[in-house]
Amino acid sequence: MLRLALDTGATKTMINTEHLQAIGYDPSSESDRVRVTTGSGIELAPVISLQRIKAVRQERIELPVLAHTLPPTAGIDGLLGLDFLRDRRLVIDFKLGKLSLE
């Protein structure tokens, strides 16, 4: 199980390269790459089409995600971006400390 931070400022979902490799994907062999703006500059990240991903009680099939390693100090395995949330209703209730995606 991965720890993904919900990032409504990220247009694409991003997963650490090492985790993708652990489940059989090879980011280095992907020719499709996109520019990613990070804290240290602009980098090219491979795009991997995940067979299936589940999060927040939702499932997506063939979701293209970015393979990019976040710094170890981030404490997360990736970012859940707007592409995962699209066509859904996201409710964040800060008062109750609850999040739902419908």
Side-chain angles (χ1 to χ4, degrees):
M1 187 173 305
L2 299 179
R3 292 166 300 173
L4 302 177
L6 177 64
D7 188 348
T8 59
T11 55
K12 294 264 187 208
T13 296
M14 178 184 296
I15 298 179
N16 281 348
T17 302
E18 66 186 49
H19 294 297
L20 292 168
Q21 291 170 329
I23 59 173
Y25 292 96
D26 182 7
S28 65
S29 70
E30 295 296 326
S31 59
D32 187 15
R33 295 175 183 265
V34 296
R35 296 169 71 128
V36 177
T37 303
T38 68
S40 59
I42 296 175
E43 301 179 33
L44 288 176
V47 179
I48 304 286
S49 184
L50 288 185
Q51 184 178 356
R52 181 176 67 153
I53 181 172
K54 286 183 175 183
V56 200
R57 297 190 194 125
Q58 299 289 317
E59 179 177 272
R60 301 289 180 272
I61 305 296
E62 298 297 330
L63 181 72
V65 301
L66 303 178
H68 182 73
T69 302
L70 297 168
T73 55
I76 56 175
D77 303 315
L79 304 172
L80 198 59
L82 291 176
D83 56 346
F84 187 88
L85 305 173
R86 217 167 298 296
D87 299 324
R88 300 291 191 266
R89 181 172 164 246
L90 173 66
V91 177
I92 303 172
D93 188 327
F94 288 99
K95 186 174 181 179
L96 295 177
K98 293 186 178 185
L99 178 138
S100 67
L101 185 61
E102 306 164 355

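For reference, positions follow the sequence shown, starting with 1.
- In this structure, Val65 is not a member of the same hydrophobic cluster as Ile61, with clusters built from ILVMFWY side-chain heavy atoms closer than 4.5 Å.
- Within the structure, the side-chain hydrogen bond (donor to acceptor under 3.5 Å, both in side chains) test picks out the following pairs touching residues 90-102 (sequence neighbours left out): Arg89-Glu102.
- Looking at every heavy atom in both residues, Pro64 comes nearest to Lys12 through O-CD, 4.4 Å.
- Looking at heavy atoms from C-beta onward, Arg35 lies in side-chain contact with Leu44 at the 4.5 angstrom threshold.
- Considering only heavy atoms from C-beta on, Val56 stays 4.5 Å or farther from Leu85 through its side chain.
- Between Asn16 and Ile76 the shortest side-chain heavy-atom distance does not fall below 4.5 Å.
- Linking Ile, Leu, Val, Met, Phe, Trp and Tyr whenever their side-chain heavy atoms come within less than 4.5 Å puts Ile23 and Leu2 in one cluster.
- Nearest heavy-atom pair across Ile48 and Tyr25 is CG2-CD2, 3.3 Å.
- Note that OG1 of Thr69 is 9.5 Å distant from CE of Met14, once rounded to the nearest 0.5 Å.
- Residue pairs meeting the side-chain hydrogen bond (donor to acceptor under 3.5 Å, both in side chains) criterion with at least one partner in residues 74-88, sequence neighbours excluded, are Arg3-Asp77, Thr13-Asp83, His19-Asp77, Gln58-Arg88.
- Under the 4.5 Å side-chain criterion, counting only non-hydrogen atoms from C-beta, Leu99 is not in contact with Val91.
- The hydrophobic clustering, which links ILVMFWY residues whose side-chain heavy atoms are closer than 4.5 Å, places Ile53 and Leu90 together.
- A pairwise comparison of heavy atoms in Thr17 and Ala67 identifies OG1-C, 3.6 Å as the closest pair.
- Here the closest non-hydrogen pair linking Arg33 and Ser28 is NH2-O, 3.6 Å.
- At least one side-chain heavy atom of Leu101 sits less than 4.5 Å from a side-chain heavy atom of Phe84.
- Put simply, CG on Asp7 and CG on Leu80 are 9.0 Å apart, with the number rounded to the nearest 0.5 Å.
- The structure places CD1 of Ile15 at 10.5 Å from CG of Leu70, a figure rounded to the nearest 0.5 Å.
- Atom CD of Glu43 has more than 12 neighbouring heavy atoms from other residues, nucleotides or ligands inside a 6.0 Å radius.
- Residue Leu79 holds its CG atom at 9.0 Å from CG of Leu66, rounded to the nearest 0.5 Å.
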